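All remarks here apply to the structure that follows.
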Amino acid sequence: MHPVTVKHFFLPFEKTKGFSYSAKSIERLSEYEKYQLSFHPERPKYLDYLAVFDNVEECLSSDLHGSCLIQTHRAELRRDGVAWPVMLIGQQSAPTSDFGELTRIMQDEAEVKKWNHGMPTPVAFGKAIEAIAIAERENRTVITVIDTAGADPTEESEAGGIAWKIGRCMQSLAEATVPTISVIINRGCSGGAIALTGCDAVLAMEYSTYLVISPEACSSILFHTRNKANLAAEISQITSKEGLKNGIVDELIPEPAGPAHRFPAEALESFREVLGRRIEAFGKAPVESLQERRIERWRKIGQWETATEEQIASYEKQVSNFIPKPERNLFIPRHKRCRNDEKRQIADPVLYSKLLSNNFVCCVCGFRYTRLTAHDYIGLLLDENSFTEHPETRYIVDRDILGFPDYAVKLREAREKNGMATALITGDGTVEGREVVVCATSFGFLGGSFCMSTGEKIWRASRIAIERRRPLIVQAAGGGARMHEGCSSMVSIPKIHLALSLVEQAGLPVITIVTDPTLGGVAIGFGSRGIRIFEHNAGNIGFSGKRVIEQYTGKKTSKEFQTTGWLQQKGFVDLVAHPLELKSRIAGIIANRTPEQP
């Protein structure tokens with residue numbers, strides 16, 4: 001007897017009496033139901049949208065694991081008798097939108113593994129990078145089609161450099177010599193989406209979603225349960241319509257007859273019309289003004305508040321986490337939870353000189369005794385008393401655009417604790433007498449999470465570096481993009497990629513200090529750029545955090561996972577320096593790579 005194939009899939013609300021697929025019916029759905037609708041398994045996928053193009057030709061085909069999650073095609077889009085050449089880079093989240101066929105295919109374990117739960121791997125992002133280069137050589141407009149639950153969270157992908165590949169995707173789009181357009185067709189989530197949405201225009205299907213973190217994960221972090229996913233979805237403002245309102249989506253593509261999974265022909269025609277209009281407009285604009293228009297677009301991205309000098313003075317102070325040498329002893333107390341590989345507790349005091357040489361990491365169990373502050377790094381990187389904060393960035397403070405629960409309270413507490421207005425501070429200084437621009441981060445300020453203020457401050461610091469012809473030094477630390485600001489925090493990441501590319505294009509070095517931790521949005525942002533110096537014995541460096549990976553895979557990661565040493569073995573580290581050596585190492589780099597200052 002053959003198994004019965006189910007031809008269609010229905011979400012619970014689709015079975016509700018009175019639901020009609022009308023705009024009013026959808027508007028009455030909860031925010032989580034709208035999220036479910038955005039990745040309904042029968043919504044058209046990237047390969048379905050190929051029907052609107054002509055002369056479609058696949059390129060860069062690969063059988064490597066996860067490669068099928070991003071597919072690339074040369075094609076043309078005809079409009080008013082003109083054929084516009086394009087390079088299509090599409091995220092294909094499943095083999096088909098035909099649910100009956102999908103059910104049959106996914107009964108095959110090999111197929112399930114091949115499609116990797118819809119999450120692209122380093123190989124897939126590598127294909128996208130290569131396709132952008134081809135588009136530039138062939139003068140094709142780049143069209144990225146977004147449909148992903150996020151990038152692959154496994155140790156294998158970390159070993160393949162997924163953070164750096166995602167960062168390279170954004171850098172490639174920022175530096176592209178041809179116009180770039182992104183279209184979110186279904187669900188665009190986390191780093192898997194932002195990798196390919198840093199474009200000259202971002203369009204979104206009417207019933208798609210664009211989000212920094214899944215509602216379930218957000219609920220788990222915020223409320224310590226996954227059962228409040230609807231509230232998390234509502235708070236985070238994840239629908240494409242809210243993306244338009246928040247300025248991170250440029251235009252909605254109507255689904256005029258109703259959701260695309262029920263009315264695919266109408267949705268595809270709408271896609272053709274809106275995308276065609278955009279391609280035509282870019283094609284007719286002067287190519288020499290492309291970068292200027294790109295700079296102007298990204299300059300406007302992000303929202304922030306402005307503090308007064310009086311407000312800043314109320315909490316501003318120097319905060320240090322550096323453990324000083326004991327005055328009367330050679331030892332300091334060992335941390336209380338130290339256990340060796342045999343699980344035996346170790347209580348002996350620690351020789352301070354050994355702990356310092358190990359960058360404050362326990363040589364027995366790997367525990368990190370301290371994480372340095374922005375003020376600490378400024379002291380380590382720059383000549384004494386040479387730092388002056390930029391007035392252009394000093395008064396920028398974080399804005400609570402979502403009314404996120406307790407965010408305003410957390411910001412006040414973070415300012416008081418860290419003595420800083422935001423997680424990142426920028427200013428001028430000197431390194432062995434040479435003038436530089438520096439950006440430093442405090443992990444203690446909401447985990448150093450990447451947010452809109454960070455994006456704007458690095459943007460302005462980059463402009464200052466270019467104007468004053470100075471090297472740019474950026475110290476990276478942070479656990480990802482800040483969920484309190486929703487997708488807007490994540491969208492500021494491509495903004496800083498453009499800013500850093502402009503510094504490099506001006507012939508100035510960008511030097512990034514990668515510290516513990518550098519994960520998620522921070523890693524794929526400035527953590528992936530420039531001449532990178534990995535801090536000796538740093539850990540927690542990559543895209544997905546160790547805990548996330550272990551929860552997803554159900555198995556422990558390797559002992560040295562995501563440490564500087566582990567990354568060095570994988571071939572991702574060129575330079576390593578102890579914190580006390582950073583200044584001399586940077587001085588050597590800028591002496592050799594910096595043009596003479598006027």
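Just so it is clear, the model here is predicted, and its values are computed rather than measured.
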Give a yes or no answer on whether the side chain of K457 reaches the backbone of L424 with a donor-acceptor pair at less than 3.5 Å. yes

Heavy-atom side-chain proximity of V576 to I533 below 4.5 angstrom: no

Expected output: side-chain Q475 to main-chain T441 donor-acceptor under 3.5 Å: yes

Would you confirm whether T515, through its side chain, and A476, through its main-chain N or O, come within 3.5 Å as a donor-acceptor pair? yes

Do NZ/NE/NH1/NH2 and the carboxylate oxygens of E138 and R74 come within less than 4.0 Å? yes

Can you confirm if the NZ or CZ of K495 lies within 45° of the ring axis of W459 and under 6.0 Å from the centre of its six-membered ring? yes

Pair Y49, F53 - check ring pair (Phe, Tyr, Trp, His ring centres under 6.0 Å), show working. CA-CA 8 Å; Y49 281 94; F53 298 94; 8.8 Å; no

List the steps and the verdict of side-chain contact (heavy atoms from CB on, under 4.5 Å) for I466 and L502. CA-CA 8 Å; I466 293 169; L502 294 172; 3.9 Å; yes

Taken to the nearest 0.5 Å, the spacing of I301 CD1 from L498 CG works out to 11.0 Å

Reported CD1-to-CD distance for the pair I185 and E255, which is rounded to 0.5 angstrom: 10.0 Å

Ignoring hydrogens and angles, state whether a donor on the side chain of E242 or T239 is under 3.5 Å from an acceptor on the partner side chain. yes

When you look at S182 and T144, which way does the side chain to side chain donor-acceptor pair (under 3.5 Å) test go after all the steps? CA-CA 5 Å; S182 183; T144 68; 3.0 Å; yes

Do you know the tightest heavy-atom contact between D48 and L268? O-CD2, 3.5 Å

Distance (rounded to the nearest 0.5 Å) between I531 CD1 and D574 CG: 10.0 Å

Given side chains that start at C-beta, do those of R468 and V437 come closer than 4.5 Å, heavy atoms only? no

With a 4.5 Å limit on heavy-atom distance, are the side chains of E280 and R278 in contact? no

Compute whether any side-chain donor of one residue and acceptor of the other, for D147 and S93, lie under 3.5 angstrom apart. yes

Using modelled atom types only, decide if a donor and an acceptor are shared between the side chain of T148 and the backbone of G150 within a distance under 3.5 Å. yes

Just wondering, are more than 12 heavy atoms of other shown residues or ligands nearer than 6.0 Å to CG in D63? no

If we only count heavy atoms from C-beta on, is the L47 to H73 side-chain gap below 4.5 Å? yes

Within the side chain of E485, is there an N or O that forms a donor-acceptor pair under 3.5 Å with the backbone of M452? yes

Evaluate whether atom CD of E296 has more than 12 neighbouring non-hydrogen atoms of other residues, nucleotides or ligands under 6.0 angstrom away. yes

Would you check if there is a donor-acceptor pair between the side chains of S453 and D398 at a distance under 3.5 Å? yes

Rounded to the nearest 0.5 angstrom, the CZ-OG distance for F263 and S270 is 14.0 Å

Given side chain to side chain donor-acceptor pair (under 3.5 Å), test S449 with R482 step by step and report yes or no. CA-CA 5 Å; S449 47; R482 190 172 297 175; 2.7 Å; yes

Go through the steps to decide whether K127 and S67 satisfy the test side chain to side chain donor-acceptor pair (under 3.5 Å), and finish with yes or no. CA-CA 8 Å; K127 186 193 295 186; S67 176; 2.9 Å; yes

Would you sort out whether R78 and E76 count as a side-chain contact (heavy atoms from CB on, under 4.5 Å), showing the intermediate values? CA-CA 6 Å; R78 294 191 176 275; E76 295 176 343; 3.8 Å; yes

Give a yes-or-no answer on whether the side chains of Q562 and N540 include a donor-acceptor pair shorter than 3.5 Å. no

Quick check: closest heavy atoms across I524 and A163, and the distance to 0.1 Å? CG2-O, 3.5 Å

Side-chain contact, heavy-atom cut-off 4.5 Å: R293 with F282? yes

Any idea which heavy atoms bring G192 and A195 closest together, and the distance? O-CB, 3.9 Å

Distance alone, cut at 3.5 Å: any donor-acceptor contact between the side chains of T180 and D200? yes

Do the side chain of S240 and the main chain of E206 share a donor and acceptor less than 3.5 angstrom apart? yes

Proximity of Y395 and H390 rings by center, below 6.0 Å: no

Residues E175, S501; criterion side chain to side chain donor-acceptor pair (under 3.5 Å); working and verdict: CA-CA 7 Å; E175 297 175 354; S501 290; 2.7 Å; yes

pair I493-F450: side-chain heavy atoms closer than 4.5 Å: yes

Here the pair of heavy atoms bringing D250 nearest to R297 is OD2-NH2, 2.6 Å

Which heavy atom of W115 sits nearest to which heavy atom of Q71, and what is that distance? CH2-NE2, 4.0 Å

Got a salt bridge between R529 and E504, using NZ or NE/NH1/NH2 to carboxylate O under 4.0 Å? yes

Could you report the tightest heavy-atom contact between I401 and S488, atom names first, then the distance? CD1-OG, 3.5 Å

Would you check if there is a donor-acceptor pair between the side chains of H261 and Y207 at a distance under 3.5 Å? no

Apply side-chain contact (heavy atoms from CB on, under 4.5 Å) to residues Y552 and S544 and explain how you reach the verdict. CA-CA 10 Å; Y552 175 74; S544 299; over 6 Å; no

NE2-CG distance between H497 and L173, expressed to the nearest 0.5 angstrom: 10.0 Å

Scan side-chain atoms only and decide if R168 and Q171 contain a donor-acceptor pair under the 3.5 Å cut-off. yes

Any salt bridge linking R460 with E456? Criterion: basic side-chain nitrogen under 4.0 Å from a carboxylate oxygen. yes

Measure the spacing between SG of C169 and CH2 of W164 and express it to the nearest 0.5 Å. 14.5 Å

Donor-acceptor side-chain pairing of Y210 and Q237 below 3.5 angstrom: no

When you check the side-chain N and O atoms of T177 and E136, is any donor under 3.5 Å from an acceptor? yes

Flag the pair I513 / F534 as yes when at least one side-chain heavy-atom distance between them is below 4.5 Å, and no otherwise. no

Could you check T141 against I181 for side-chain contact (heavy atoms from CB on, under 4.5 Å), going step by step and ending with a plain yes or no? CA-CA 8 Å; T141 298; I181 304 172; 4.3 Å; yes

List the steps and the verdict of salt bridge (charged side-chain N to carboxylate O under 4.0 Å, His left out) for R469 and E435. CA-CA 9 Å; R469 303 296 298 162; E435 294 178 320; over 6 Å; no

For the pair E158 and K570, find out whether any cationic side-chain nitrogen is under 4.0 Å from an anionic carboxylate oxygen. no

Check whether any side-chain heavy atom of I473 sits under 4.5 Å from a side-chain heavy atom of V431, and report yes or no. yes

Any donor-acceptor N or O pair under 3.5 Å, side chains K34, T209: no

For the side chain of R140 and the backbone of V86, is there at least one donor-acceptor N/O pair under 3.5 Å apart? yes

Does T512 use its side chain to pair, donor to acceptor, with the backbone of R532 at less than 3.5 Å? no

